[in-house]
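Taking it in order: structure first as structure tokens, then the write-up.
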Amino acid sequence: MLRHSKELVLQPRSFVKPGLILLLGLLIGWGVLAATIDRVFANRAPALASQWNPGSADANARLGDTLLQGGDIKANAARIAALADRSIGRQPINPIAARLRGLVAAARGDEGRATGLVHYAEAMSRRDLPTQLWLIETNVARGDVDAALRHYNRALKTSVSGRNLLFPILAQAANDRAIWVPLSRMLAERPQWWRPFMVQAVQQGNNPDALYAFARRLGIDQPGRLDTGLLQGIEKRLVDLGDYRRSAELFNRAHGQPVGSNPLLRNGGFEQPSGFDPFEWNLKDEPDLAAVRQPSPRAQGGSALFLTATNGRGGDLAVQLIMLAPGRYVVGATVGGVSGDPLAFPHLVVRCAKDGREIVNTPFPAAPNDGRAWRTGFTVPAGCAAQRIVFQATASLDPSDLTPWIDNITIQPQEGR
């Protein structure tokens, strides 16, 4: 009876240990779950993470950042500061929280404290784009261009997404001499963002001094460091801006020619391939409209330029930028394969590059397939510093079995001009 009574007394105590173990397991599981949710969702869904872990440094910082982006910082300053303080209390090296406290201080007019906190945030991490943006804006407002560019460089190095925001701003600012001079020195060091920025700068640039300086500093006009596509873009942009001389200088350097070289025409015999530089032959190559280098029908061999227009097509087939001084000139050439409808004969056109006005527009003469010599004159007026020499063709309603071609083009000053 006594033994039975002892068992009855001890039986409830047998549930204590398993219950404690279960409770401990639940607490551990809850902690693990909360930590996991915090780690997974603190950045993507900070509100959810803070519900499971109210003290989460990352979640509170992200909540403050979301509140900052979604409204007036002055109206939300107290809430943002509280979230940032909670984050810093748990994790003193959280850069987002430090930056938030700095922005709140700036909104309250305490610029000294704001600057110190934002610099503290940057010291912990240079990858926080809003921190770099604030430092850029602050230094621009102070007129400290070097410091602003230093933070541009850090932002562009650490945030690929930030480039979509910063490239257009920096490219536009680079039209100002106060910006492009130090920026060209920075680009000379070739930071990893230099080329995509230059693509944007070529599109937006309207200061030829800046574009020329960038090309020279980067050395992309040097045969050993040639960046053909980018250099051609700069050359074309300089031409658009009317800086023909320095565009030609870049072309000459890239092709190992004397810097001041200015031939009246390049590759008049079409022995060299065409290209995309303004100073090379730019050839149309479409199914119904094309200018194609092919072996010449003449016995001397070499290449000639064949001009084709079919199916009602017509237009410019070959274009080269030249730089003739005002005066009278004579164009000489060998032409062949010109027959059929005279209204569809190819034309030689010379236009002023600045405004597109034509200073000559004359048709090829009729010519047999083995060719004939042809000469025609024209006058370059004052105010026409550069010209485009063009060959046009139009599809004929009375097609010929021959394909027009031209070769051995020369331009010479006319005597007594």
Side-chain angles (χ1 to χ4, degrees), residues 208 235-236 238-275 277-283 291 293 296 298 300 302-305 307 316-336 338 345-367 371-393 404-417:
E235 289 176 27
K236 291 176 182 178
L238 289 174
V239 168
D240 292 341
L241 296 171
D243 196 338
Y244 311 111
R245 179 184 61 81
R246 285 193 291 192
S247 180
E249 284 184 10
L250 294 177
F251 175 88
N252 288 334
R253 285 192 175 93
H255 291 80
Q257 300 172 7
V259 173
S261 175
N262 182 28
L264 301 184
L265 184 77
R266 291 178 170 87
N267 194 22
F270 302 102
E271 299 307 316
Q272 302 299 320
S274 61
D277 280 282
F279 302 95
E280 296 178 309
W281 286 113
N282 291 203
L283 305 182
R293 292 174 61 245
S296 171
R298 294 170 65 85
Q300 296 93 323
S303 297
L305 189 68
L307 308 173
D316 297 351
L317 273 67
V319 182
Q320 182 183 140
L321 188 74
I322 55 178
M323 297 168 59
L324 305 177
R328 290 191 54 79
Y329 295 85
V330 174
V331 175
T334 303
V335 297
V338 184
F345 284 5
H347 279 229
L348 164 69
V349 179
V350 179
R351 305 186 184 111
C352 289
K354 181 178 180 180
D355 52 24
R357 60 193 159 112
E358 293 183 351
I359 55 181
V360 65
N361 187 332
T362 185
F364 287 21
R372 56 162 286 189
W374 175 48
R375 288 166 58 88
T376 189
F378 65 96
T379 300
V380 175
C384 184
Q387 309 81 33
R388 288 185 172 92
I389 182 169
V390 180
F391 298 116
Q392 291 182 335
W405 57 268
I406 187 167
D407 197 6
N408 302 322
I409 309 166
T410 61
I411 298 179
Q412 299 293 333
Q414 186 171 339
E415 295 182 4
R417 63 176 183 160

Original post:
Can you name the residues that form a ring pair (Phe, Tyr, Trp, His ring centres under 6.0 Å) with Phe251, not counting sequence neighbours?
Top reply: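 Phe251 satisfies ring pair (Phe, Tyr, Trp, His ring centres under 6.0 Å) with His255, Phe279 only.
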Test item: [X] side-chain N/O and [Y] main-chain N/O as donor-acceptor pair under 3.5 Å:
X	Y	result
Arg375	Val330	no
Arg293	Ser274	no
Arg253	Ala248	no

Original post:
Below 6.0 angstrom between ring centroids: does that apply to Trp405 and Phe270?
Top reply: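 Ring centroids of Trp405 and Phe270 are no less than 6.0 Å from each other.
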Which atom pair, heavy atoms only, marks the closest approach of [X] to [Y]?
X	Y	result
Leu317	Ala393	CD1-N, 3.8 Å
Ala367	Arg372	CB-CG, 3.3 Å
Lys236	Pro278	CG-CG, 3.7 Å
Pro363	Trp374	O-CZ2, 3.6 Å
Ala291	Ala318	CB-CB, 4.5 Å

Interatomic distance, [X] atom [atom1] to [Y] atom [atom2] [nearest 0.5 angstrom]:
X	Y	atom1	atom2	value
Asn267	Ile409	CG	CD1	9.0 Å
Ile322	Leu264	CD1	CG	8.0 Å
Leu324	Cys384	CG	SG	8.5 Å
Gln320	Asn282	CD	CG	8.5 Å
Leu305	Ile406	CG	CD1	7.5 Å
Ser247	Met323	OG	CE	8.5 Å

Excluding sequence neighbours, so at least two apart, what forms side-chain contact (heavy atoms from CB on, under 4.5 Å) with [X]?
X	value
Val319	Asp316, Arg388, Val390
Ile359	Val350, Cys352, Phe378, Val380, Pro381, Gln387
Thr379	Arg328
Pro346	Leu307, Val338, Phe364, Pro404

Who passes side-chain hydrogen bond (donor to acceptor under 3.5 Å, both in side chains) against [X], sequence neighbours left out?
X	result
Arg298	none
Asp240	none
Glu358	Asn361
Glu249	Tyr212, Arg245

Original post:
Got a sec, which residues hit salt bridge (Lys or Arg N to Asp or Glu O under 4.0 Å) with Arg246, two or more places apart in sequence or on another chain?
Top reply: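 Applying salt bridge (Lys or Arg N to Asp or Glu O under 4.0 Å) to Arg246 gives Asp209, Asp243.
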Subject >> Qualifying residues under salt bridge (Lys or Arg N to Asp or Glu O under 4.0 Å), relative to Asp407, sequence neighbours excluded >> reply: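 Residues passing salt bridge (Lys or Arg N to Asp or Glu O under 4.0 Å) with Asp407: none at all.
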Subject >> Thr410 and Val331, any side-chain heavy atoms less than 4.5 Å apart >> reply: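 A side-chain contact under 4.5 Å is absent here.
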Original post:
Side chains of Trp281 and Ile389: does their closest heavy-atom pair fall under 4.5 Å?
Top reply: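 Yes, close enough: below the 4.5 Å cut-off.
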